Each structure stands twice: as structure tokens, then as C-alpha cells.
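Worth saying up front: this structure is predicted, and the values here are computed from it rather than measured.
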Amino acid sequence: MLDSEIKSIEDLKNFRSAPILDENQSKILLDELSNYMQDVDWFTIGIMAPSSKLALYLIKEMEKKFNWPSMKLATPLEEEGPVFLKANQKTGDINVRIEYGLGEGILLGCQHNEEQKQTDTFGPFPLDFFKIKD
């Protein structure tokens with residue numbers, strides 16, 4: 001699938017690393033994602049990034065954008081390299097680990113308190129997808 005063929009957040013599931021999106025695609029995908037986000041109780045967030053500093057910055061940007069309660073780093077990272085950050089709103093924990101061989105992007109897991117409701121994970125979104133626009 002070409003980046004230009006992305007018309008739905010379902011199309012992102014075909015990518016290992018986030019595709020480049022134009023402004024129109026980003027708007028369409030964010031609008032679609034917003035509809036899913038309204039019906040969930042909490043989120044898990046996965047960020048595949050080239051550094052822990054960038055991954056932590058991105059999770060804080062998402063907290064601001066969506067007015068989420070601040071989460072706390074539960075596992076200090078002592079080495080540099082590509083990382084996978086996993087944040088869990090229910091526990092308030094952010095865990096980061098060095099992970100080689102991943103792509104880059106943000107995964108958003110929509111979770112429910114009721115087990116019978118289906119959860120879904122969307123992405124990978126580009127690292128700047130949730131950045132607050134000035």
C-alpha cells in the first residue's frame with residue numbers, strides 16, 4: 001500500500017512503521033480516531049522512537065492535547081538507543097525499554113472497563129501526528 005492510498009485508520013494496520021501523511025490525510029484520520037476515542041474508558045499508548053527523550057516528550061504532548069492526567073515514568077532508562085515506550089492510563093505508569101529493529105510510530109490502544117466490550121489498537125501514526133499545532 002502506498003502512503004497516498006491511506007484513507008482510513010484501518011489502512012495503518014498494514015504498516016510496520018508509520019507512513020508519511022499529508023495534512024488532509026492526517027485530518028481525516030484524526031477525525032476518525034476521535035470518534036473511537038469518545039467511547040473508551042482509558043488508553044494504552046505505545047511509542048516506537050529513536051530515543052527515550054523523544055518518546056517521553058511525545059507522551060507528554062498527547063497528555064496535553066487530550067487533557068489526560070499526567071502519567072509517571074515507572075522504569076528509569078540508563079542507556080541510549082531506539083525505544084519502545086508503553087504507557088497505561090489505568091495504572092498511570094510509563095515504561096520504556098531499549099528495542100532494536102522496530103519501526104517508528106505511535107500505537108493507541110482503546111480500552112474499556114467492561115470486558116465484553118471489544119478493544120482495538122490503532123496505528124502506527126507518525127511521531128508528529130498528535131503534536132499540538134501552534
Side-chain angles (χ1 to χ4, degrees):
M1 172 177 283
L2 299 173
D3 297 358
S4 61
E5 295 175 349
I6 298 169
K7 299 187 183 348
S8 165
I9 56 176
E10 289 296 318
D11 295 336
L12 295 176
K13 292 181 178 183
N14 297 316
F15 290 86
R16 187 172 187 275
S17 193
I20 296 169
L21 302 173
D22 64 32
E23 191 174 325
N24 188 51
Q25 287 172 309
S26 293
K27 182 185 178 334
I28 290 168
L29 297 182
L30 188 55
D31 287 347
E32 184 180 354
L33 181 62
S34 294
N35 290 329
Y36 284 102
M37 291 176 74
Q38 292 175 18
D39 187 43
V40 301
D41 297 307
W42 55 282
F43 299 95
T44 54
I45 302 96
I47 300 177
M48 303 171 290
S51 72
S52 59
K53 183 177 180 178
L54 177 58
L56 291 167
Y57 169 78
L58 293 170
I59 193 69
K60 294 304 174 186
E61 283 291 298
M62 290 178 75
E63 289 173 347
K64 285 184 218 169
K65 181 175 185 73
F66 297 115
N67 200 26
W68 291 343
S70 182
M71 294 178 275
K72 303 284 185 234
L73 186 61
T75 54
L77 191 61
E78 298 175 6
E79 58 182 296
E80 279 301 312
V83 298
F84 183 76
L85 175 150
K86 182 162 186 179
N88 182 317
Q89 278 192 314
K90 195 165 194 172
T91 64
D93 291 340
I94 298 172
N95 293 284
V96 182
R97 69 176 186 263
I98 296 290
E99 186 87 25
Y100 292 95
L102 293 178
E104 285 188 6
I106 299 173
L107 303 168
L108 184 65
C110 297
Q111 310 295 325
H112 300 279
N113 290 330
E114 299 173 31
E115 289 182 23
Q116 64 271 25
K117 286 189 174 181
Q118 185 175 344
T119 63
D120 207 345
T121 299
F122 300 103
F125 297 99
L127 293 177
D128 64 352
F129 188 78
F130 298 103
K131 186 176 184 330
I132 297 173
K133 307 289 190 253
D134 297 326

Taking the side chain as every heavy atom from C-beta outward, state whether Leu127 and Ile47 have any atom pair closer than 4.5 Å.
yes
Within a strict 4.5 Å, meaning less than it, do heavy atoms of the Phe122 and Glu10 side chains meet?
yes
Distance check, rounded to the nearest 0.5 Å: Ile9 atom CD1 versus Gln25 atom CD?
14.0 Å
Between atom CZ of Arg97 and atom OG of Ser52, what is the distance when rounded to the nearest 0.5 Å?
13.5 Å
Can a side-chain donor-acceptor contact be found between Glu80 and Ser51 if the only test is distance below 3.5 angstrom?
no
Should Leu102 and Val96 be regarded as members of a common hydrophobic cluster, given that ILVMFWY residues are connected when their side-chain heavy atoms come within less than 4.5 Å of each other, either directly or indirectly?
no
Mind checking what makes ring-ring contact (aromatic ring centres under 6.0 Å, His included) contact with Phe43, not counting sequence neighbours?
Trp68
Over all heavy atoms of both residues, which pair between Ala18 and Gly105 is shortest? Give the atoms and the distance, please.
CB-CA, 4.0 Å
Could you state the interatomic distance from CG (Asn67) to CE (Met62), rounded to the nearest 0.5 Å?
13.5 Å
Please walk me through it: do Tyr57 and Lys131 pass side chain to side chain contact (heavy atoms under 4.5 Å, CB included)?
CA-CA 10 Å; Tyr57 169 78; Lys131 186 176 184 330; 4.2 Å; yes
Parallel, tilted or perpendicular, judged at 30° and 60°: which one describes the rings of Phe125 and Phe130?
perpendicular
If hydrophobic clusters are built by linking Ile, Leu, Val, Met, Phe, Trp and Tyr wherever their side-chain heavy atoms come under 4.5 Å apart, do Met48 and Ile45 end up in the same one?
no
Rounded to the nearest 0.5 Å, what separates atom CD in Glu61 from atom CD1 in Ile106?
10.0 Å
Would you say Leu73 and Leu56 make side-chain contact, with heavy atoms under 4.5 Å?
yes
If you measure only the distance, is there a donor-acceptor pair under 3.5 Å linking the side chains of Trp42 and Asn88?
no
Nearest heavy atoms of Ser17 and Pro124, plus distance in Å
C-CG, 3.7 Å
Between Glu104 and Pro50, is any pair of side-chain heavy atoms under 4.5 Å apart?
yes
Sequence neighbours excluded, the answer for side-chain contact (heavy atoms from CB on, under 4.5 Å) partners of Glu114 is Gln116, Lys117
With rounding to the nearest 0.5 Å, note down the distance linking CG in Asn24 to NZ in Lys7.
9.5 Å
Between Gly81 and Ile98, the two heavy atoms sitting closest are N-CD1, 3.7 Å
Could you walk me through whether Asp39 and His112 pass the side chain to side chain contact (heavy atoms under 4.5 Å, CB included) test, one step at a time?
CA-CA 8 Å; Asp39 187 43; His112 300 279; 4.2 Å; yes
Cluster link Leu29 to Val40, ILVMFWY, side chain under 4.5 Å
yes
Taking the basic N atoms (NZ, or NE/NH1/NH2) and the acidic carboxylate oxygens, is any pair closer than 4.0 Å for Asp22 and Lys27?
no
Closest non-hydrogen atom pair between Asn95 and Ala74, with its separation:
OD1-CB, 3.7 Å
Would a hydrophobic clustering, with Ile, Leu, Val, Met, Phe, Trp and Tyr connected at side-chain separations under 4.5 Å, put Leu107 with Val83?
no
Within a strict 4.5 Å, meaning less than it, do heavy atoms of the Tyr36 and Glu32 side chains meet?
yes
Rounded distance (nearest 0.5 Å) linking atom CG of Asp120 with atom CD of Gln111:
9.5 Å
Please examine the side chains of Leu108 and Thr121, heavy atoms only from C-beta on, and report whether any two atoms are closer than 4.5 Å.
no
Transitive ILVMFWY side-chain link Leu21 to Met37, under 4.5 Å
yes
Kindly say whether Asp41 contributes a backbone atom to a donor-acceptor pair with the side chain of Asn113 at under 3.5 angstrom?
no
Side-chain heavy atoms of Phe129 within contact of Leu30, under 4.5 Å
yes
Indicate whether the side chain of Lys60 and that of Ser70 have a donor and an acceptor atom separated by less than 3.5 Å.
yes
Within the 4.5 Å heavy-atom criterion, are Ile59 and Met71 side-chain neighbours or not?
yes
